[in-house]
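A short write-up of the structure that comes next.
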Amino acid sequence: MLKYEVKSVWEQTDAKKQKLMHDFAKKYMKFISENKTERECVAAALKRLREAGFCSDFENGKYVAVLHNKSLFAIRKGKKDIAEGFRLITAHSDSPRLDFKQNPILESIGIAQAKTHYYGGILKYQWLARPLALHGVVVKKNGETVKIVIGEKAGDPVFTISDLLPHLAKEHVAQTVTKAFEAEKLNVVIGHIPLSKKGKDKQENPIKMQVLQLLHKEFGIVEEDLLSAEIQVVPAGEARFVGLDSGLVGGYGQDDRICVYTALEAFLEVENPEYTTALMLWDKEEIGSEGTTGASSRFFEYCVQDSIRAWSADSTMRTVMLASKAISADVHAAIDPDWQELHEKQNSSTIGHGPTLCKFTGSGGKYGANDAHPEYVAWLRNIFSEKEIPWQMAALGKVDHGGGGTVALFLAVYGMNTIDMGPSLLGMHSPFELSSVADIYYTKEAYKVFYSAE
Ligand code: MN
Ligand code: MN
């Protein structure tokens, strides 16, 4: 066709296909409802991989390794030697949230609160006056790890950050958003009833004491144990279909668990690939990919070295890396119907129009971009068109109006072909992000095509 056009997936699919899309979305919704931290995502992925025969030795051609319970590498031996390169998809399992500070609990004016430090890019006001849940681990001095999840089961209490009443907000509403919402006011309500002790034994901070007592009773922990804890405050509740037609999925942490889930499923479904396939789940993407479990750490490289030693000892890492192809699987921003002016429409992605390829990220004059090579984009176009995968090409927002980066840079250092690809979201980084049922399904299908392409 002479003219290029992007079409809605919904207009190109029949009822039977759309039923498949909805069924897949339901499984995805279960995954993101149950796994709201990087640890939970990695544990769930590891379980699926182990069930499929992945283990910690290379002999059966299906290897998996986990670092610090927060990042995961899995690799499946292909028909061709690994020296001919592997096909890699990476996604990140951390999402923006509020972390408990290390000494979090305070009592003030009839309420016990937990002090937090936000993680990743959030609009702070989106976290106020809504039900929140706690997910995390407390590691005791003796090394025992206590898992905590409160606020998800029916009947569980939830937590919240109380917001200002409009009657007293006259000055507050006149401030800029950045000034109006202070990080040190993101204190989570965690208790209200004082511990009752009469007479001489009356305690200082009785509400805090009650909270500590409840924590001790339920989890066997004391306040000092919180020093070696990671407790994450996340939106409470399950992902839901959105709209009368249930065409969208609303839920927390879709950036980037939508790619974690679709990449994992694709990786598992392609059981007998031509090329060796690999899946890497990273942590810390939302705070710059630093840290032992982030994309800038050497874990990925160590795992690749081990794979080469096991399966093709005479090959060099350089040969393998240069011959490999990668997808940095991450979400993209869809044009928001209410904020269309922020996008340059001809080069933006539309929700429900298939997964988005993003040739370059970065900001300003493409600073910080990987910028995929046209030869690679052409190869992808070809494999997707052969299998009739709907997809679109987009850049993030208008030039000079913001921007952002992904982990693509950390793959590009090895010289392997790398591009960003994933579904587009509305309300990215909010407590209730929206994705299209159509895009979820076709992202998984696209990743399958990538893994199985010859
Ligand atoms: Mn992301
Ligand atoms: Mn993000």
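Note that ligands are numbered from 1 as they come in the structure, with each ligand's atoms numbered from 1 the same way. Positions are given from 1, in the same order as the sequence printed here.
For a distance bound of 2.8 Å, the N, O or S atoms of H92 include none lying that close to the Mn ion (ligand 2).
Put simply, the residue from T262, T443, I258 that forms a side chain to side chain contact (heavy atoms under 4.5 Å, CB included) with Y28 is I258.
We find the CG-CD distance between L357 and Q392 to be 9.0 Å, quoted to the nearest 0.5 Å.
Here the N, O or S atom of E286 that is nearest to the Mn ion (ligand 2) is OE2.
Using a 4.0 Å cut-off between a side-chain N of Lys or Arg and a carboxylate O of Asp or Glu, E184 and K101 qualify as a salt bridge.
For D255 atom OD1 and D330 atom OD1, the angle they make at the Mn ion (ligand 1) is roughly 100°, to 10 degrees.
Classified by interplanar angle (parallel below 30°, tilted 30° to 60°, perpendicular above 60°), the ring pair F24/Y261 is tilted.
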